[in-house]
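Lettering of chains follows the sequences in order, A, B, ..., and the numbering in each one begins at 1.
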There are 2 protein chains.
Amino acid sequence: MTGDARLAPSPLPPSRGTLYGVGLGPGAPDLITLRAARLIERAAVVAYPTLAGADSFARSIAAELIADNAREIVMDVPMSVERAPAQVAYDQGAASISDALDAGDDVVCLCEGDPFFYGSFMYLFARLSDRYRVEVVPGVTSVTACAARAGMPLAARNERLTVLPGPLPEEELRARIEGAESVVIMKVGRHLPKIRAVIDGLGLTASAVYVERATLPDEVVLPLADAPEKAPYFSMILLTKGADPWL
Amino acid sequence: MTGDARLAPSPLPPSRGTLYGVGLGPGAPDLITLRAARLIERAAVVAYPTLAGADSFARSIAAELIADNAREIVMDVPMSVERAPAQVAYDQGAASISDALDAGDDVVCLCEGDPFFYGSFMYLFARLSDRYRVEVVPGVTSVTACAARAGMPLAARNERLTVLPGPLPEEELRARIEGAESVVIMKVGRHLPKIRAVIDGLGLTASAVYVERATLPDEVVLPLADAPEKAPYFSMILLTKGADPWL
């Protein structure tokens, strides 16, 4: 495999398995990378989170690639604003993964988008990377997927790009957007009315695009002014004050 | 293909070809997506830029996938701080691509990383998207690839991420880094001494990592303090003041 030179001479026992944190991209199964696809197809053990017992979005992206006889470690994260219940879910998941790695199996953890870009894989990384060989396979993020689907270049030449989570307080969003060039607002969901008010107040609505479930069959791409009242969690707003695609 | 519903009922003549701007990821050939790989393998015409007659990095990533009998449109961009010579190269490239599209051929334009993330494809997009069907296939960016190779989560929960180009003036870099959480500095190259001085001055060197040619066989990942004196264009600095991978 290309690019593994740095990790090759591992001080860890060779009999232990490797944990792969595998980015699956924004949702369309064919936006999985060749490396991720190969790892998933060969995996004897796959792991992934679910939210409050719902179907796993990550698993749905990779479903066609998972072997019929693969063992699945499911981390069911309860819906809660408290941190403790989620911590328990990741502690238990890490323990199950640890058992598989100790038994010499590799474990492929399925991650929507990219594992290190607002991904829950980093909670497993924090729990396991000091004891096991961990390899992160980067994935296409929803940021560039949304830009592609909206036909909106994100950043050119010496332009800056700012990524802001939608749950930030209104005042902070306003201040950050004011000082920015291209802006991506993630995790819009129930914060849409607040975000809209901020962008309206700054007179920037005409350059903002709303994207929901980018690259999936039920994708929505609309000018922000025409966005629905209610947004799902997997929605995003792109705001390019800067990106000038002309050279 | 998944997620194309929005573009399906095209008002353009069906006899014209489609221009695909295809992200190839950071450099390792197996970080190409399944969709991009399929498009490249089937392409009768591929297009890509070269810099001052040098080999094309984009073409080298995709080399194994390009058909032996594919026609190649090369846009040779001269090395110059003036814009006009590059504009001529993209004008000529757009004209050649336009001829192929008019003849009914699809054209696959090879793009390092992601086409809309500091990519030269946007110069072709600006010249051709009003007359032809253009589809952008997002790719893995060097940002998440560098984070994966460095083992550094980029952003979690409600953290912000700021992407800054290295050529920005020293004062602006300092101000932007000061107000930021996680920071990615792109296009480091000859700006390394300036960027280093800014990060040193802010007392942040200990949390900064230098990454060169991420995912390629000659990749370099080092603490910023140990970075070489001279950096190539494809180098990056990651600075995470915020990303806390614990939950």
Side-chain angles (χ1 to χ4, degrees), chain A residues 1-3 5-6 23 25-26 28-35 37-38 83 86-87 90 114-118 122-123 125-126 129 136-141 144-145 147-149 151-165 167-168 176 214-217 219 221 245-247, chain B residues 1-3 5-6 23 25-26 28-35 37-38 83 86-87 90 114-118 122-123 125-126 129 136-141 144-145 147-149 151-165 167-168 176 214-217 219 221 245-247:
Chain A
M1 189 185 303
T2 318
R6 192 177 65 99
D30 64 349
L31 290 176
I32 293 176
T33 64
L34 299 169
R35 186 183 299 182
R38 196 196 54 219
R83 278 196 180 187
Q87 283 168 342
Y90 288 112
D114 179 278
F116 276 175
F117 188 75
Y118 301 102
M122 55 185 95
Y123 309 134
F125 184 80
S129 63
V136 176
V137 178
V140 174
T141 67
T144 63
R149 299 302 301 158
M152 274 173 89
L154 277 172
R157 292 178 292 279
N158 290 340
E159 290 165 355
R160 290 171 282 116
L161 173 68
T162 306
V163 180
L164 301 172
L168 289 177
R176 300 286 172 195
T215 79
L216 291 167
E219 167 189 278
V221 179
W246 273 100
L247 180 84
Chain B
M1 191 184 305
T2 317
R6 191 177 67 100
D30 64 349
L31 290 175
I32 293 176
T33 64
L34 300 168
R35 185 183 298 181
R38 196 196 55 220
R83 279 196 180 187
Q87 283 168 342
Y90 288 111
D114 180 277
F116 276 175
F117 187 74
Y118 301 102
M122 56 184 93
Y123 309 133
F125 184 80
S129 63
V136 175
V137 179
V140 174
T141 68
T144 63
R149 299 302 301 159
M152 275 172 89
L154 277 172
R157 291 177 293 279
N158 289 340
E159 291 164 354
R160 292 171 279 117
L161 174 68
T162 306
V163 181
L164 301 172
L168 289 178
R176 301 286 172 196
T215 79
L216 292 167
E219 166 190 277
V221 181
W246 275 99
L247 179 84

Q: Flag the pair Thr33(A) / Asp30(B) as yes when at least one side-chain heavy-atom distance between them is below 4.5 Å, and no otherwise.
A: no
Q: With a 4.5 angstrom heavy-atom cut-off, could you sort out which part of Asn158(B) is near chain A: side chain, backbone, both or neither?
A: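 Its backbone and side chain both get close to chain A.
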Q: Can you find a pair of side-chain heavy atoms, one from Leu168(B) and one from Arg160(A), that are under 4.5 Å apart?
A: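 The answer is yes, as the side chains (C-beta and beyond) meet within the 4.5 Å cut-off.
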Q: Measuring heavy-atom distances to chain A, does Thr141(B) have an atom under 4.5 Å in its side chain, in its backbone, in both, or in neither?
A: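 For Thr141(B), the contact with chain A is made by the side chain alone.
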Q: A side-chain contact here means heavy atoms from C-beta on lying under 4.5 Å apart; do Leu161(B) and Phe117(A) qualify?
A: yes
Q: Flag the pair Arg83(B) / Arg157(A) as yes when at least one side-chain heavy-atom distance between them is below 4.5 Å, and no otherwise.
A: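 The answer is yes, as the side chains (C-beta and beyond) meet within the 4.5 Å cut-off.
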Q: So what's closer than 4.5 Å to chain A heavy atoms on Tyr90(B): side chain, backbone, both or neither?
A: side chain
Q: If you count heavy-atom pairs under 4.5 Å with chain A, which of Pro115(B), Ala126(B), Gly23(B) comes out on top?
A: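 Answer, by heavy-atom pair count under 4.5 Å with chain A: Ala126(B).
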Q: Heavy-atom distance under 4.5 Å to chain A: side chain of Ala145(B), backbone, both or neither?
A: both
Q: Has Tyr118(B) got a side-chain atom pairing as donor or acceptor with Glu159(A)'s backbone, closer than 3.5 angstrom?
A: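 Side chain of Tyr118(B) to backbone of Glu159(A), a donor-acceptor pair under 3.5 Å: yes, one is there.
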Q: Given the options Met152(B), Gln87(B), Arg176(B), which has more heavy-atom pairs under 4.5 Å with chain A than any of the others?
A: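 Counting heavy-atom pairs under 4.5 Å, the top option is Arg176(B).
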Q: Taking every heavy-atom pair that is under 4.5 Å apart, which of Leu31(B), Leu164(B), Asp114(B) has the most such pairs with chain A?
A: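 If we count pairs closer than 4.5 Å to chain A, Leu31(B) comes out on top.
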Q: Return the minimal non-hydrogen interatomic distance between Pro29(B) and Leu34(A), and the atom names on each side.
A: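 Answer, listing the atom of Pro29(B) first, then Leu34(A): O-CD1, 3.8 Å.
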Q: Would you name the heavy atoms of Thr144(B) and Gly139(A) that are closest together and state the gap between them?
A: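 In terms of heavy atoms, the two residues are closest at OG1-O, 3.7 Å.
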